[in-house]
Amino acid sequence: MHASIRHSLAAFLLVAFALTGVSVAQAKIDCTKIHVYHCPITSGGPYVKGDPGSVPGGATVTISDGHTATTTTAAADGSFSALLPNLVTPVGATITIRVGEESCTVTVEPCPRL
């Protein structure tokens, strides 16, 4: 489906739901706003960074490599960060981000150049 048609359909559905009183639940996780970096020298290990709006504010975020998991709490704006010293996270590995029953995967990236 063409992008403009998808956007028009989405706008129509939002208006239709608003007029009927049906609430539209927002996605809990926006994985496009979440990055996992492998920076063992500068940060003491890999770390995850969620930009504002990546998860609901105040949510408990679980970060897992399939073997080990850690949790953190998002700030009011939906941002979060956590060091991952116990996770096996080489560049190219995938990490699962979970909030409640919703999850997505993020690929570990090389440490960004400062």
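Note that the structure is a prediction, hence the values are computed from the model and not measured.
Legend: salt bridge (charged side-chain N to carboxylate O under 4.0 Å, His left out) pairs involving residues 81-93, not counting sequence neighbours: none detected. The salt bridge (charged side-chain N to carboxylate O under 4.0 Å, His left out) analysis of residues 50-72, with sequence neighbours excluded, yields the pairs Lys49-Asp51.
Under the rule for a side-chain hydrogen bond (donor to acceptor under 3.5 Å, both in side chains), Thr71 has no partner lying at least two apart in sequence or in another chain.
The side-chain heavy atoms of His38 and Glu109, taken from C-beta on, include no pair separated by under 4.5 Å. At a threshold of 4.5 Å between non-hydrogen side-chain atoms, the residues Pro112 and Tyr37 count as touching. For the pair Val36 and Leu84, the minimum side-chain heavy-atom distance is below 4.5 Å. With a 4.5 Å cut-off on side-chain heavy atoms, Cys39 and Tyr47 count as touching. Counting heavy atoms from C-beta outward, Thr96 and Ile63 have side chains that stay 4.5 Å or more apart.
Taking CD1 of Ile95 as the reference point, atom OG1 of Thr105 lies at 10.0 Å (rounded to 0.5 Å). Between the OG atom in Ser54 and the CD1 atom in Ile29 there is a gap of 9.0 Å [rounded to 0.5 Å]. The SG atom of Cys104 sits 5.0 Å away from atom CD1 of Ile34, with the distance rounded to the nearest 0.5 Å.
Judged by distance alone, with hydrogens and angles left aside, the side-chain atoms of Ser79 form no donor-acceptor pair with the main-chain N or O of Gly53 at under 3.5 Å. Looking only at distances, a side-chain donor or acceptor of Glu102 sits under 3.5 Å from a matching main-chain atom of Lys28.
Closest approach of Pro90 and Val108 over heavy atoms only: O-CB, 3.4 Å. The minimum heavy-atom distance between Ala74 and Val55, with the atom names listed, is CB-CG2, 3.5 Å.
Tested against Thr72 for a side chain to side chain contact (heavy atoms under 4.5 Å, CB included), the candidates Leu83, Thr60, Val61 yield a single pass: Val61.
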